[in-house]
Amino acid sequence: MNRKLVGLAGAVITALLASATVAVAPANAANGCESNNTDVLIWTDLDRAQAYKAWALVFNRKSTSICVTVIGKDGGKDKLATVADIDAPDLFLSAHDQIGSLQSTGTIQSFTITNKSEFDARDKQACTLQGGGTYCLPMTVENIALFRNVKFVPKAPATMTAMLADSAKFIKGHKTAKYTLGVSPGDAYHMYPLFSGLGGYVFGGKAGAWKPTDIGVANAKFIKNAPQIDTWYSKKLINANVTGAQSESDFIAGKIPYLITGPWNLDKLRLANVNYAISAFPTIVPGIKSVPFYGVQGMMLTKWASPAKHDNKTAALTVLTGINGLARKDAQLLLSNSLIRTPANMKARASFRDEDSSAFLAAGIGGIPMPSIPQMGLFWSDVATAWKPTVAKPKAVARFKTASAAMKSGH
Amino acid sequence: MTSVGTHRAVKQKKRKLKRDRLWWRYLVALIAILFALAPLVWIILSALNPTGGLATVSLSKDMLGLDNFRTLFNNPDYPYLRWYKNSLMVSSIAAVFQVMIGTMSAYAFSRIKFKGRRMSLGGLLLLQMFPQLLSLVAIFLFMSKVSDIVPALGIGTFAGLILVYLGGSMGYNTYLIKGFFDTIPRELDEAATVDGASANQIFFKIIMPLAAPILAVVALLAFIGLMNDFVLASIFLTKTEDTTLAVGLHGLVSGKYETNWGVFAAGALLAAIPVVILFQLLQRFIVEGLASGSVKG
Amino acid sequence: MLGILIKILLLGFVDATSLWAGTFLLAMHNYLALGVLAVATLAINYVYLSKRSRASRWLIPGTILLLIFQVYPVIFTASTAFTNYSTEHYLSKPEAITRIMSNTIVQVDGSPEYLMTVVHKGQTMALLIADVETGEVQLATSGGLSAVKDGQVDADGKPLAIAGWKAYTGDEALNLGDTLANFRSPMGDGHFMAPIGVDSAAESQSLLKYDSAKNILTDTTTGDVYTEKQGAFYAPDGTMLTPGWHVAVGFQNFRAILNDNTIRGPFVRVLVWTFIYAFLSVVITFILGLALALILNHPRIKGRKALRSILILPYAMPGFLSVLIWAGLLNDDFGAINQVFGSHIPWLTDPFWAKVATLLVQLWLGFPYMFLITTGAIQSIPAELAEAASVDGAKPRQILMKIKLPLLMVSVTPLLIGSFAYNFNNFGGIYLLTGGGPAMEDSPIAGATDILISYTYKLAFGAGHGNDYGLACAISILIFFIVATVSTISFTRTRALENLS
């Protein structure tokens, strides 16, 4: 009885293992390196890995003494905390707002961008922390913009009044529509253009020198304009229960005329056969521009690229800012063309042509770099909560005042 | 053999009683199936949705396709089959050892009187109430030290991960098995002791065969739990190619704004297959194990 | 005979392994770990070789693993609760100072861009640098900079080697390692030319200076003095210089919890809901699992095997996926449940219905587990017992209530307690479904469905200071204390853990 059980279990496991062993391809593809080169390992997210791998092939051919390997990894920031030294990356690609916490834990180190004159001041600022150090090399820039389905809304709305009128017209024709502007109110990042358009700001100061005690979530100007939010809900412009995924699929299915999203959804939308157009956000209050958060994908130098760990800091810096490095025009243009993202290097940007990317860039004019200080965590959670009406607090003014108080108390 | 007659009598009586009452059992079965399967339908629809989003109520024709499955097997960034193999290997090895260790401990708790037995049992249960979320930091730091001494057992290795999994052997499994051992009449092993059997013999020849159904259940539960473990594996395995299914798949949806639910759902669906197969194979032991044993007895 | 052989082999393996690990520990001068290892190895040998200590033989493998992976984390957490271990206090002090001093080297504002060739004269290394704008070439030695007349550059703009100096190839330059990375050519004013990689250079300066004797940092441009306070350097205006390091802070974390109204306010409400959630999760999953096991294990139901396989499917999926799918299904306006049933139940936005939703999802996730266990346990009840009772004239209902259920409860009660403990800390079941929401009046953090562990997570990892492990540990120690007290009282009151006999 007992022996039978063990035997059976063994047989099952063997069978399962055997079935899974079939057709497992070797993981490391050729990267065009000789064996005695100095290795530099880059982590990017999965979506960008292909483009960076293609670039690495070019780099490895030119810089015969350095071998760059690219690994695509999602959730890379968390993995940096637990990775074994031997597997750790020397360079790490991530959104610039991660530099604050990564610097605090000593995971990344500052470095010098030697050709910094080729970069825009706003991009460089995004990569700077208090104290003046540069912690990331701006690679591509990105921000969200307003998408509209041209079938329903031929002309981009310049003001919120125009947008609400379009919205009302759409609802008349689509009785079952529960909302028209595709955005999740529980997502403070995608809601930020509406927030800034009402006069709200996160912290006083500027990138590299934010003032975490100056919180503008319930400043007088914003509070004066905030009752408009209640109207947006009552007129079915936005819906508190919409999730990002819901709004994307509704936009693709032609069920809503507007969507707020970023270039990461371009692939999907281009495939989806929707006649879309990209524009800047409508003005909500005269005199205040509605701007999104501005983001930079930055390449960071990790603590492993140091004498005590991988002993390849010189090589890693060469990959970053050397003649054939990531900071230079050729590399940035190559990457931008395959990623369909605007390059950060201004020389590369001058040669980069993509209509959608230009529209994104235009929508991002005046946008502030997403703050990289740890206090930003409060904004994400408290303001996300404030956007959604509750039974106890149906009015936006009260909710944003609560959020502001919570942020000030450190919760 | 004398009981054959009574067996038949009992069966006839039962048949008469239950014949007209069977339909409601089928009804319950139907409702239970609907309850269990309805959300899975959504997972299947998501797996078939090529736009990469989670399925929504609004279904259209262009939202059905096998693209996600194709991506799953052809994208070099997701070595899905490799993850599959890793998961099966780690989960089956760890499950076997977990059950072994759990059974041994359960035997001691059930059959041997020793000082502090009650206290140990209580303490064991209390430990299970400590939030695992916080234990992770300590376990990680400990394993980093192990990495320095014995790299083959350290961070990033399957052996290390299995070792960490075995840390949980003495938890719920022990309770489940002990609870079952307690229902096996003590007279059986007392009689065997009188006949001169050693503790080992009693364990292997008497207790284990009787416990087959519950051991099969525990093994299956352990296997499922390990297959689906995300937290520990994600901390110990950081290489994309050397990770497990749950961790690898989670990576597909952990991007801040770029998530690929479709591929993820497709992967998760296929990941449930070994569990179902294993369950099919073990059902005999779980459901009919003791019945066949009692006929022999 | 075979048993003894196996025993000797296994013991030999254990001894050999520990001897092997011991040599490493000895080499690393880790005498504490070595001592622990030696004592443990001796104890194992004693237990298995001596005739006595029957129970330990069965318990040792599990106990060792338990001590390492379950007891040690508790002790570690307890000690971390008294430190400021967090995102901003993550390193040790020497690590933090090394990092600060390395981060403080920046390029001088307005300095030109240089391309560089590393050259050497025998053992002496120097940098040939070319201003990218003007093409002017200079030689930077450890003594300082000097202009190179008629310096030539290549197609890329890199300077070509000059008379008396030989250029290093890329490989050679990389192999210089520290010698190149730490090379400085002084330029006066505290500025220096430093190589950046193998082909660029920058005029750089150190913004801070560390005085290890006084333990202060001085700003080289403004003269501001940074002083140490609780694991970090602070500027005169009170701004903290990151990274800091972790230090012991006594009861500070506990005081923070007890003195903070926003934390204390909703604590009792969250605690009560945690108990309700954990208790009901167990009860409803058990009742459904048991009911299905009893109803469907009827010998004349056709397709029982297939039926059982279908019913365990919810358990076979990765749990976090299922919870996320459920969050979509329960969405008030767009979820399938409200649309299919034409209802308007505010599943995730109303405090009451959100609680119902968390339990419903837990029911779906958990009933297959209970179904499996109760099926196994019922099948394990000796059939003779039921048949004997039946012959004695007992009705099926009586057999169930008087014989099967009591026996079943003996084997599953400890497991139900275990399941209670699991749900007590079921972070994913709450956080992925409702995020603890909907928001409640009395607290900006604790929502209607928050249980203690999700509340702790939000407090310690969602707040404005990155991840505050010290605070998280302090809260969990407090929670553990409460749970331990409650559980110990109930253990001593019930005889659940006692033998049947």
Side-chain angles (χ1 to χ4, degrees), chain A residues 36 38 63-66 101 103-106 109-117 129-134 178 212 239-243 245-246 303 307 311-315 317-323 325 374-375 377-378 381-382 385 388 390-393 402-403 405-407 409-411, chain C residues 87-88 90-91 95-96 99 102-107 113-115 132 156-158 169-171 173-174 176-178 180-181 194-202 204 207 239 241-244 262 328 331-334 348-351 437-441 444-445 458-459 462-466:
Chain A
N36 56 347
T38 308
S63 305
T64 47
S65 43
I66 298 174
S101 62
Q103 188 258 15
S104 286
T105 54
Q109 42 180 330
S110 72
F111 60 93
T112 297
I113 302 173
T114 49
N115 62 335
K116 65 177 179 183
S117 60
L129 284 176
Q130 168 220 355
T134 300
K178 289 177 174 151
N239 182 313
N241 296 319
V242 170
T243 60
Q246 175 82 39
K303 65 177 174 190
D311 195 15
N312 61 353
K313 187 172 177 179
T314 302
L317 284 169
T318 309
V319 174
L320 277 173
T321 64
I323 292 175
Q375 285 83 352
L378 293 173
S381 56
D382 290 333
T385 309
K388 290 183 161 192
T390 60
V391 183
K393 287 200 173 100
T402 309
M407 282 180 75
S409 75
H411 295 299
Chain C
T87 300
E88 288 176 337
Y90 185 78
L91 306 170
E95 283 173 330
R99 192 51 66 220
S102 140
N103 285 344
T104 193
I105 299 168
V106 299
Q107 185 174 13
E113 181 190 345
Y114 297 103
L115 288 180
V132 172
D156 288 330
K158 273 179 68 170
T169 64
D171 278 334
L174 284 171
L176 292 171
D178 279 4
L180 178 61
I196 311 289
V198 291
D199 52 20
S200 327
S204 309
L207 293 178
T239 43
L241 191 68
T242 54
T262 41
N331 188 304
D332 299 359
D333 275 337
F334 304 96
L348 301 177
T349 49
D350 178 81
M440 291 292 274
E441 255 320 77
I445 323 157
K458 286 182 181 178
L459 277 175
H465 314 285

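Below, chain A is the first sequence line, B the second, and so on; all start at residue 1.
- The residue among C:Leu115, C:Asn103, C:Asp199 with the most heavy atom pairs within less than 4.5 Å of chain A is C:Asn103.
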Candidate pair C:Val106 and A:Thr134, rule side-chain contact (heavy atoms from CB on, under 4.5 Å), full reasoning
CA-CA 8 Å; C:Val106 299; A:Thr134 300; over 6 Å; no

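- In this structure, the portion of A:Ile113 lying under 4.5 Å from any heavy atom of chain C is its backbone and not its side chain.
- In terms of non-hydrogen atom pairs under 4.5 Å with chain C, the most contact-rich of A:Ile323, A:Thr112, A:Thr390 is A:Ile323.
- Remark: the A:Thr402 side chain and the A:Lys393 side chain contain an N/O donor-acceptor pair separated by less than 3.5 Å.
- Residue contact with chain A, scored on non-hydrogen atoms closer than 4.5 Å, involves the backbone of C:Ala201 exclusively.
- A:Thr318 places a side-chain N or O within donor-acceptor distance of the main-chain N or O of C:Val198, the cut-off being under 3.5 Å.
- Using a 4.5 Å cut-off between heavy atoms, A:Asn239 touches chain C through its side chain atoms alone.
- Between atom CG of residue C:Leu241 and atom CD of residue A:Gln130 there is a gap of 7.0 Å, rounded to the nearest 0.5 Å.
- Annotation: maximal heavy-atom pairing with chain A below 4.5 Å, among C:Leu207, C:Ile105, C:Leu180, C:Asn331, occurs at C:Asn331.
- Looking only at heavy-atom pairs under 4.5 Å with chain C, the residue among A:Thr314, A:Thr321, A:Leu317 that has the most is A:Thr314.
- To the nearest 0.5 Å, atoms CD (A:Gln109) and CZ (C:Arg99) are separated by 5.0 Å.
- Distance CD/C:Glu113 to OG/C:Ser200: 7.0 Å, rounded to 0.5 Å.
- Note on C:Leu176, C:Leu174, C:Thr239, C:Thr104: by heavy-atom pairs under 4.5 Å with chain A, the leading option is C:Leu174.
- Side chain of A:Lys178 to backbone of C:Asp333: a donor-acceptor contact under 3.5 angstrom is found.
- Contact annotation for A:Val242: both backbone and side-chain heavy atoms come within less than 4.5 Å of a heavy atom of chain C.
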